[in-house]
Amino acid sequence: MFPSSNFSFSASSLFSAYASLSGFLMLVRSMFHDFIPENLRSYITKLLERFFTPKSKKVTMVIEEYMAYKRNQVFDAAEMYLRNRIGPETARLRVGKLPKQKHFTISVEKGEELLDTFENCEMRWTYVESENEKENEVKCYYELTFEKKLRDKVINSYLSHVIAESEKIKRSLRVVKLYSKDVYSRKDDDGMARGNWGCINLEHPSTFDTLAMDPDAKKKIIDDLERFLKRREFYKRVGKAWKRGYLLYGPPGTGKSSLIAAMANYLKFDVFDLDLSSIYDNGSLKRILLSTTNRSILVIEDIDCSSEVIDREAESDSEDGYAYAKVTLSGILNFIDGLWSSFGDERIIVFTTNHKERLDPALLRPGRMDVHINMSYCTGLAFRTLVTTYLGLDGLNHPLCEEIEKLIDSTEVTPAELAEELMQDDDTDIVLRGVVSFVEKRKVERSKIKELEDAMCKVIDDDYVVDDDDIHNYGSRNGSNKKKGKGRGRGKGKGKGKGN
Ligand SMILES: Nc1ncnc2c1ncn2[C@@H]1O[C@H](COP(=O)(O)OP(=O)(O)OP(=O)(O)O)[C@@H](O)[C@H]1O
């Protein structure tokens, strides 16, 4: 220990040393100000500041709303992405909704912080609004703070992850549009198509969950769509346009339109409904197709009914002797796999028909329409989906369901007819009994028609197979020299029908 006299000596000498040091520093400071030019002074100050400020282990990135007067993609992505990161700890939120929006838009209020984790690393986001009073404008930006060692990870992977996730969220919130030339196009349509396409929101409630279809066939369609979406690079590599063509065929009321709506709702793709009868010629067709957007489904319904496109080489001669231009099948095929097919990306083209056999073989040639989907009569398995959708019953929970499934499998009845029956009453028992009697009645009708058809075939057979001369004539009428015997008359009768 120091003796007390020593201590008082040291304290007073320390005090005087401090006083002379302060005097000296003040002298240096005033000399620094008086003799050193301002530029050099600020340089030295900054150097000293850097030297004495403790080093931070964190880095902060500033993500501004605008870059060179354009919206910053990272800012918009962050705004969308962070909506899903808002937790109960966030104290202040902004909420809003435009009249056309289905959902509320929720975002953080200025100064609020959000925490995110990416590959076990912590990312801290802060939303900032700074007011510039001079220019009377508000600058909005996000600050992203993380540990210095994560810099490369953030630049190389985290920001891309934020953008990819935001795209997914945007897609899920997207309201699907139905475009048509028959809808008046208004300025306030927030659709993207050009030309005279008018649009409304596609409110069709059909989804793959409500679609009554064989489960395996349904799964194949969903897998095909998923594969298509992921194949941007594949299409580029093999030199094909990023497009997929579907031909849906089957009797009326089997769900062709419902399947298109389910595809659109699943992919969040807009639908362009093209009525060929309203299009004047191939040139207008070209202009109309070029004004459709990416990530869309182009639908041409009842392609067999468009008389102009049935005959590929159809000439446009009219009765009055003048030649009128019109839409031809080759005009359409040019967009499916010709030179014009390479416009746009992520396009789906759907043709529907009730009569596949009437289509021009050019349309059915391999590689033209990538997928042919037979929308046929309802099956027992598909009926289960209708029961779930319309009655809220889970599959086979009702004793009558098994019987109905067997009945349905043994006759021809469309999902539309069954859906109609399932809406007849609120009482499940009454409804299902109604379905039983409806399908039984249909079964009887069908077998009567079958009997009638068989009888007619027999009559035709008996009419034609008379003697050898007749057989000879028949053969030559059909371009065949084969001699056919009486016993094979039925096949012949059918042959004649076709020949005519
Ligand atoms: N497979 C199905 N699954 C669920 N509902 C269906 C199905 N098929 C038909 N429906 C019901 O029947 C109605 C008519 O069906 P939809 O218009 O999809 O048939 P379509 O095959 O396109 O008929 P068309 O050939 O006459 O255009 C639908 O709105 C739906 O309620």
Side-chain angles (χ1 to χ4, degrees), residues 177-185 189 191-199 235 239-249 256-257 260 263-264 269-372:
K177 301 256 182 276
L178 173 62
Y179 286 90
S180 168
K181 284 274 161 199
D182 301 326
V183 177
Y184 182 62
S185 78
D189 275 346
M192 302 290 288
R194 286 163 283 131
N196 289 324
W197 289 103
C199 71
Y235 278 90
K240 265 179 84 108
W242 192 11
K243 284 197 170 67
R244 194 110 180 117
Y246 292 84
L247 173 70
L248 313 185
Y249 64 95
K256 295 180 290 298
S257 309
I260 295 169
M263 286 162 95
F269 276 22
D270 290 334
V271 176
F272 286 85
D273 184 14
L274 187 62
D275 178 6
L276 285 182
S277 64
S278 67
I279 298 170
Y280 175 59
D281 58 11
N282 283 344
S284 333
L285 177 71
K286 206 178 281 177
R287 277 190 295 280
I288 286 167
L289 291 181
L290 286 174
S291 62
T292 58
T293 54
N294 285 347
R295 300 181 64 79
S296 64
I297 304 179
L298 174 73
V299 179
I300 302 180
E301 287 203 270
D302 300 322
I303 182 88
D304 56 287
C305 299
S306 305
S307 55
E308 293 86 351
V309 300
I310 295 171
D311 180 6
R312 194 147 96 104
E313 302 307 333
E315 287 301 322
S316 46
D317 293 336
S318 65
E319 280 173 7
D320 55 13
Y322 288 98
Y324 292 108
K326 58 182 163 187
V327 177
T328 61
L329 184 57
S330 50
I332 295 175
L333 293 180
N334 214 357
F335 269 89
I336 297 177
D337 60 1
L339 261 187
W340 287 90
S341 68
S342 54
F343 84 100
D345 272 336
E346 280 190 293
R347 309 280 183 130
I348 287 179
I349 301 172
V350 181
F351 287 145
T352 74
T353 177
N354 293 338
H355 303 282
K356 191 182 175 189
E357 70 287 354
R358 289 191 197 159
L359 296 184
D360 189 309
L363 204 56
L364 302 173
R365 202 175 292 154
R368 238 174 211 149
M369 300 310 283
D370 302 288
V371 189
H372 293 200

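Throughout, residue positions are numbered sequentially from 1 according to the sequence presented.
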Checklist entry - What closest approach, in Å, do Ala264 and Val271 show between heavy atoms, and which atom pair accounts for it? => result CB-CG2, 3.5 Å
Item to check | From Ile300 atom CD1 to Leu285 atom CG, the distance as rounded to the nearest 0.5 Å | outcome: 7.0 Å
Item to check | Nearest-0.5 Å distance, CH2 of residue Trp242 to CG of residue Asn294 | outcome: 9.0 Å
Checklist entry - Going by the angle between their ring planes, with limits at 30° and 60°, are Tyr249 and His372 parallel, tilted or perpendicular? => result perpendicular
Item to check | Contacts of Arg295 that satisfy salt bridge (Lys or Arg N to Asp or Glu O under 4.0 Å) - sequence neighbours left out | outcome: Glu346
Checklist entry - What's the verdict on side chain to side chain contact (heavy atoms under 4.5 Å, CB included) for Arg358 and Thr353, showing C-alpha distance, side-chain angles and the deciding distance? => result CA-CA 9 Å; Arg358 289 191 197 159; Thr353 177; 6.0 Å; no
Item to check | Residues that Thr352 engages under side chain to side chain contact (heavy atoms under 4.5 Å, CB included), provided they are two or more places apart | outcome: Leu248, Lys256, Ile260, Glu301, Asp302, Val350
Checklist entry - What's the spacing between Ile288 CD1 and Phe272 CZ if we round to 0.5 Å? => result 11.5 Å
Next on the checklist: Please check: side-chain N/O of Asp270 versus main-chain N/O of Ser296, any donor-acceptor pairing under 3.5 Å?
Outcome noted: no
Item to check | Separation of Ile297 CD1 from Leu178 CG (nearest 0.5 Å) | outcome: 10.5 Å
Item to check | Verdict with reasoning, Leu363 to Leu247, per side chain to side chain contact (heavy atoms under 4.5 Å, CB included) | outcome: CA-CA 9 Å; Leu363 204 56; Leu247 173 70; 5.5 Å; no
Checklist entry - With sequence neighbours left out, what residues match Asp275 under salt bridge (Lys or Arg N to Asp or Glu O under 4.0 Å)? => result none
Item to check | Chi angles and distances behind the side chain to side chain contact (heavy atoms under 4.5 Å, CB included) call for Tyr179, Thr292 | outcome: CA-CA 9 Å; Tyr179 286 90; Thr292 58; over 6 Å; no
Checklist entry - When rounded to the nearest 0.5 angstrom, what is the spacing between CE in Met263 and CD1 in Ile348? => result 5.0 Å
Next on the checklist: Under the criterion side chain to side chain contact (heavy atoms under 4.5 Å, CB included), I'd like the reasoning laid out for Leu298 against Arg347: C-alpha separation, chi angles, the key distance, then a yes or no.
Outcome noted: CA-CA 8 Å; Leu298 174 73; Arg347 309 280 183 130; over 6 Å; no
Checklist entry - Between atom OG1 of Thr293 and atom NZ of Lys177, what is the distance when rounded to the nearest 0.5 Å? => result 11.0 Å
Checklist entry - Checking Arg287 side chain against Asn282 main chain: does a donor-acceptor pair fall under 3.5 Å? => result no
